[in-house]
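In what follows, a structure is listed as structure tokens, so that the remarks can point back to it.
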Amino acid sequence: MRGLARREFCLVLLRRMADVRPDLVAAALPRLGASRAEAHAGHTRYQPKDPVPPAAEGALLVWKHVLDDVVGLPGAVSVDPGVVTCWEIHVPGARALFVWGLLQRVDQAAMRRAPL
């Protein structure tokens, strides 16, 4: 499989959390039916063994690009939606929605810019 699916991304997040709260991670892994080794393998793969092409206007890849990939595009405007785990980047003609810094959805429809 190329890229990361939802379960694999959860394992990546849990692996990163293990440095701070190993107790919570140890409790969460069995609920996902995963081992520490699987979480580590997913994290290793995420640190990019599956290279992601650069973000470009009209070519944003859901579940691959992160905030830093998109915020530097020409005309990009960061918008805080008021939810700690979420973020939006408005680029000409599209709105990119992120959760925990990972691109979740791209809306190509006409959109209003939020006041700065």
Side-chain angles (χ1 to χ4, degrees):
M1 169 181 61
R2 292 187 48 113
L4 292 171
R6 289 184 178 142
R7 180 177 185 271
E8 286 77 22
F9 188 66
C10 288
L11 293 176
V12 169
L13 292 176
L14 286 172
R15 173 63 187 101
R16 296 190 80 161
M17 288 173 48
D19 295 336
V20 179
R21 292 298 306 266
D23 56 328
L24 293 178
V25 171
L29 285 172
R31 291 194 301 256
L32 287 172
S35 67
R36 286 185 186 270
E38 286 177 288
H40 181 72
H43 185 266
T44 300
R45 197 167 121 234
Y46 179 73
Q47 295 301 316
K49 284 194 176 189
D50 184 15
V52 177
E57 188 176 323
L60 301 178
L61 301 175
V62 174
W63 285 94
K64 294 222 180 233
H65 286 126
V66 294
L67 273 168
D68 284 347
D69 295 332
V70 180
V71 76
L73 293 176
V77 176
S78 293
V79 178
D80 181 355
V83 179
V84 174
T85 60
C86 299
W87 203 257
E88 292 181 15
I89 303 291
H90 294 182
V91 294
R95 178 177 69 157
L97 304 166
F98 297 82
V99 175
W100 292 111
L102 183 67
L103 182 60
Q104 302 293 310
R105 188 173 81 215
V106 178
D107 293 333
Q108 298 291 340
M111 38 167 255
R112 291 176 272 154
R113 291 212 181 242
L116 297 177

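This chain uses plain numbering: 1 for the first residue, then up along the sequence. Just the heavy atoms: all of them, side chains too, but no hydrogens, waters or symmetry mates, feed the values below.
The shortest non-hydrogen separation linking L32 to C10 is CD1-CB, 4.2 Å. Annotation for L11 and A34: closest pair CD2-CB, 3.5 Å, computed over non-hydrogen atoms. Nearest heavy atom pair, residue D69 against residue A55, reads O-CB, 3.4 Å. Closest non-hydrogen pair, L97 versus E88, comes out as CD2-CG, 3.3 Å. Closest approach of L29 to R36, counting heavy atoms only: CD1-CG, 3.7 Å. In terms of heavy atoms, R95 sits closest to D107 at NH2-OD2, 2.6 Å.
Applying the side-chain hydrogen bond (donor to acceptor under 3.5 Å, both in side chains) definition to pairs two or more places apart or across chains, those involving residues 21-32 are R21-D23.
Within the 4.5 Å cutoff, side-chain heavy atoms of E57 are placed close to those of P92.
Judged as a side chain to side chain contact (heavy atoms under 4.5 Å, CB included), and not counting sequence neighbours, the contacts of L67 are W87, I89, F98.
The line from CD of Q108 to CG of L60 is 7.5 Å long, rounded to the nearest 0.5 Å.
A single hydrophobic cluster is seen to contain both V62 and L73, as judged by linkage of ILVMFWY side chains at heavy-atom distances under 4.5 Å, directly or through other members. Residues L14 and L24 do not share a hydrophobic cluster, clusters being chains of Ile/Leu/Val/Met/Phe/Trp/Tyr side chains in contact below 4.5 Å.
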- Message: Show, in sequence, the C-alpha distance, side-chain angles and deciding distance for V106 and L61, and conclude whether the side chain to side chain contact (heavy atoms under 4.5 Å, CB included) test is met.
- Response: CA-CA 9 Å; V106 178; L61 301 175; over 6 Å; no
